[in-house]
**Q** 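First, the structure itself, so that you have it in front of you.
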Amino acid sequence: MTNDEMMALETLKKERKNKNIELLMHSSISYIEYPLNQTMVIPTSDGKICFYPTSNKIQHRGRVFEGNAEDLIRYVMEINQQT
């Protein structure tokens with residue numbers, strides 16, 4: 001990868017993270033942010049969910065799948081409605 005490509009990728013990650021965090025801040029979901037490794041942990045009645053806003057990955061119960069903050073919010077709401 002060239003330097004320009006690396007810089008473009010870093011910019012994309014920052015924009016993605018900022019958008020995801022903004023969406024979560026405006027939702028009713030409580031989360032704990034770990035800035036060191038850029039992870040967000042959401043406690044639910046079915047265990048904790050890890051969200052990686054720079055890569056749009058969601059991890060829950062040993063499964064990792066793609067999803068942005070909107071997908072995460074829907075997923076958390078589904079879990080909360082089941083209990």
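These values consider heavy atoms only, across backbone and side chains, with no hydrogens, waters or symmetry-generated copies.
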**Q** Answer with yes or no whether the hydrophobic clustering places F65 together with V41; edges join I, L, V, M, F, W, Y residues whose side-chain heavy atoms lie under 4.5 Å apart.
**A** no
**Q** Once salt bridge (Lys or Arg N to Asp or Glu O under 4.0 Å) is applied, do any residues pair with R61, and if so which ones, sequence neighbours excluded?
**A** D46
**Q** How does the hydrophobic cluster around M7 look, that is, which other residues are in it when side-chain heavy atoms under 4.5 Å mark a link?
**A** none
**Q** If every non-hydrogen atom of S30 is compared with every non-hydrogen atom of P43, which pair is closest and at what distance?
**A** O-CD, 3.8 Å
**Q** Spell out, as yes or no, whether a donor-acceptor pair under 3.5 Å connects the side chain of E15 to the backbone of L12.
**A** no
**Q** What pairs meet the ring pair (Phe, Tyr, Trp, His ring centres under 6.0 Å) rule with one or both residues in residues 8-62, with sequence neighbours excluded?
**A** H60-Y75
**Q** Given the rule that I, L, V, M, F, W and Y join up when any side-chain heavy atoms are under 4.5 Å apart, are M77 and I49 in one cluster?
**A** yes
**Q** Could you tell me which residues satisfy side-chain hydrogen bond (donor to acceptor under 3.5 Å, both in side chains) with K57, sequence neighbours excluded, listed by chain and number?
**A** E66
**Q** Tell me whether I42 is reachable from V64 by hopping between hydrophobic residues (I, L, V, M, F, W, Y) whose side-chain heavy atoms are closer than 4.5 Å.
**A** no
**Q** Can you tell me how far apart CD (E33) and CE (M40) are? Round to the nearest 0.5 Å.
**A** 4.0 Å
**Q** Could you give the distance from SG (C50) to CD1 (I58), rounded to the nearest 0.5 Å?
**A** 11.0 Å
**Q** How far apart are the C-alpha atoms of T39 and N37, what are their side-chain angles, what is the distance that settles it, and do they pass the side chain to side chain donor-acceptor pair (under 3.5 Å) test?
**A** CA-CA 6 Å; T39 305; N37 61 356; 3.1 Å; yes
**Q** Output a table of donor-acceptor pairs, distance under 3.5 Å, between side-chain atoms of residues 16-24 and any protein atom two or more places apart or on a different chain; print 'none' if there are none.
**A**
unit_1: R16; atom_1: NH1; unit_2: T54; atom_2: O; d: 2.5
unit_1: N18; atom_1: ND2; unit_2: K14; atom_2: O; d: 3.2
unit_1: N20; atom_1: OD1; unit_2: A69; atom_2: N; d: 3.1
unit_1: N20; atom_1: ND2; unit_2: R16; atom_2: O; d: 3.2
unit_1: N20; atom_1: ND2; unit_2: P53; atom_2: O; d: 2.9
unit_1: N20; atom_1: ND2; unit_2: N56; atom_2: OD1; d: 2.7

**Q** If you measure from NZ on K13 to CG on L9, what distance do you get to the nearest 0.5 Å?
**A** 5.0 Å
**Q** I need the L72 CG to S27 OG distance, nearest 0.5 Å.
**A** 8.0 Å
**Q** Who are the side-chain hydrogen bond (donor to acceptor under 3.5 Å, both in side chains) partners of D71, not counting sequence neighbours?
**A** R74
**Q** Once you round to the nearest 0.5 Å, how far does OG of S55 lie from CG of N68?
**A** 11.5 Å
